[in-house]
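Remarks on the structure that follows.
Worth knowing before you read on, the calculation uses all heavy atoms, side chains too, and leaves out hydrogens, waters and symmetry mates. Quick note on labels: first sequence line is chain A, next is B, and so on, each numbered from 1.
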Protein chains: 2
Amino acid sequence: MQYPSIGLQGVSLGEKISCELRLQIIKGSIKLGTVLSENQIAAEFNASRSPVREALKTLSNEGLIRLERMGAVVLGLTPKDIEELCDVRCLIETFVIQRLSAMDHEGLIHTLNKTIDKMEMAAKHRDFVELSYQDLYFHEVMIHEADHTRILHLWNNIRYIVFTALLVATERRIVEETHEIEPLIEKHRLLVSALISKDSNYIQKVVQEHYEDTRKTVNNTVLNPKNL
Amino acid sequence: MQYPSIGLQGVSLGEKISCELRLQIIKGSIKLGTVLSENQIAAEFNASRSPVREALKTLSNEGLIRLERMGAVVLGLTPKDIEELCDVRCLIETFVIQRLSAMDHEGLIHTLNKTIDKMEMAAKHRDFVELSYQDLYFHEVMIHEADHTRILHLWNNIRYIVFTALLVATERRIVEETHEIEPLIEKHRLLVSALISKDSNYIQKVVQEHYEDTRKTVNNTVLNPKNL
DNA sequence: CATAGTATACCTGTATACAACTTGATTTTT
DNA sequence: AAAAATCAAGTTGTATACAGGTATACTATG
């Protein structure tokens, strides 16, 4: 699998390189502990050091690599990282939904339901890229709607990691057929119900369970692929 | 005021430039809406575009500027930003303290108390740089101790903004003498008590009040300076 | 044999060069 | 006079060049 070419239109070479590297790191094609050098990556991508440098800084900001004096060591996504990522998403989303529940969110509910429908469609057609994208979109649209620049920034900092991990996990989930898609859909419907309820405790509970579940699934697919 | 030269030793030119620009933006020396170009900044700092480019990307990641096709527009720190920053800090710190309270934190308590003492010392000597730094350190040491890489990443994304805003606010607070320092010290002692209590509700309450207060103070000093 | 010193190759940070594109004004045309 | 075309200045994205530092391997010397 290569990074979906959609969404790479018109973006700079540096971003393309960061997307490709990110995918390879999360997929495990690039092993943990590997030391990358700017020249080496530049050669691999037939590019100059400038965009590579930009890409490495991006990945460093995302915590996938650590820039050192000489070379960038690959940190990758450990089980601890997945856990922590879920912690953060849970924190953000609890905050966001609580905030949304105090706002007018009639249109949002509609959008969310429509997105879930699209997820079902994508699942039927085994289109894991589309399914991943709609999954991402579901959460992202809530965050945008919450109209909180800082929270949005936090999200943007993990957005690409989340999407890429989602891509990898969803592909394996669909290919291996070991995980049902139906529970995934149901989980998202629960989130909508939480938003509608406006019940702070219920929201907290639902979001926490959502990410409890995500944690397990991702751990089982991203980190323990059967076909590696 | 220039950015404190301590902590700029050995760092790259790009980082120095980002620190200086950040300070100027937060202080208001660079007005909101200003459009910065790489060439212009490079000329001002007698540097080439490479480090400037790096600095602009950093500031963009922090949300202080927005990179556009042509030029980078300065967003600055609006009252809404301050509010939101406090929201995020509150979210992070509540999580961190709750996590810490379930760990062995004997040594940490000692460090925190020592830091508060240093804050008192710095306040007596009207050393606002030191006071700001110890304030930052107080919160930072807790976050580090919580041993949560992702949360630490979130913190690192706002760390420089927080420190710079703290610098500006603390300077004005000390110079104008309109705000007492004693309440600030007391607020931090309360946080320690919250950590010791291990009482989830109490922790939430104390942290929330802490940032409620921070919000007010920073708004009154950073955004409404009397000597501007 | 061990160790100090050196040489070499490589890496990063910064500067400079170049090409494609955007923007705004000026000129030409209708 | 208004609109279209063109031209000029400036901007970003990328490539390349150079300087200073670091690690590794090899050599010489005790």
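- Distance CZ/A/R49 to CD1/A/I41: 12.5 Å, rounded to 0.5 Å.
- Residue B/R69 contributes atom CZ, which lies 16 Å from atom C1' of D/dG10 at whole-angstrom precision.
- In the set D/dT11, D/dA15, C/dT12, D/dA15 carries the atom at the smallest distance from any side-chain atom of A/A47.
- Toward the 5' end of DNA chain D, the nearer of the two residues B/G71 and A/P51, judged by each one's closest nucleotide, is B/G71.
- In this structure, CG of B/L13 is placed 11 Å from C1' of C/dA15, rounded to the nearest angstrom.
- One atom, CD1 of A/I17, and another, C1' of D/dG13, lie 12 Å apart when rounded to the nearest Å.
- Nucleotide C/dG13 holds its P atom 12 Å from the CD atom of A/E68, rounded to whole Å.
- Per the geometry, CG belonging to B/N39 stands 9 Å off C1' belonging to D/dT12, to the nearest Å.
- Regarding contacts with the backbone of D/dA15, a side-chain N or O of A/S48 is found under 4.0 angstrom from either OP1 or OP2.
- Straight-line distance from the CD atom of A/E38 to the P atom of D/dT22: 16 Å, rounded to whole Å.
- Here A/E140 pairs with A/R159 in a salt bridge; the nearest charged N to carboxylate O distance falls below 4.0 Å.
- In this structure, A/S50 reaches the bases: a heavy-atom distance under 4.0 Å links it to at least one base atom across the strands shown.
- Straight-line distance from the CD1 atom of B/I41 to the C1' atom of D/dT12: 14 Å, rounded to whole Å.
- Taking atom CD on B/E54 and atom C1' on C/dT14, their separation rounds to 10 Å, with Å as the unit.
- If you check distances only, the side chain of B/R49 does reach the base of D/dG13 with a donor-acceptor pair under 3.5 Å.
- Heavy atoms from other residues, nucleotides or ligands lying under 6.0 Å from CD of B/E68 number more than 12.
- Side-chain proximity of B/M70 to D/dT12, D/dA15, C/dT22: nearest is C/dT22.
- Although no hydrogens or angles enter the test, the distance criterion places a donor-acceptor pair under 3.5 Å between the side chain of B/E84 and the main chain of A/R150.
- More than 12 non-hydrogen atoms from other residues, nucleotides or ligands lie less than 6.0 angstrom from CZ of A/F163.
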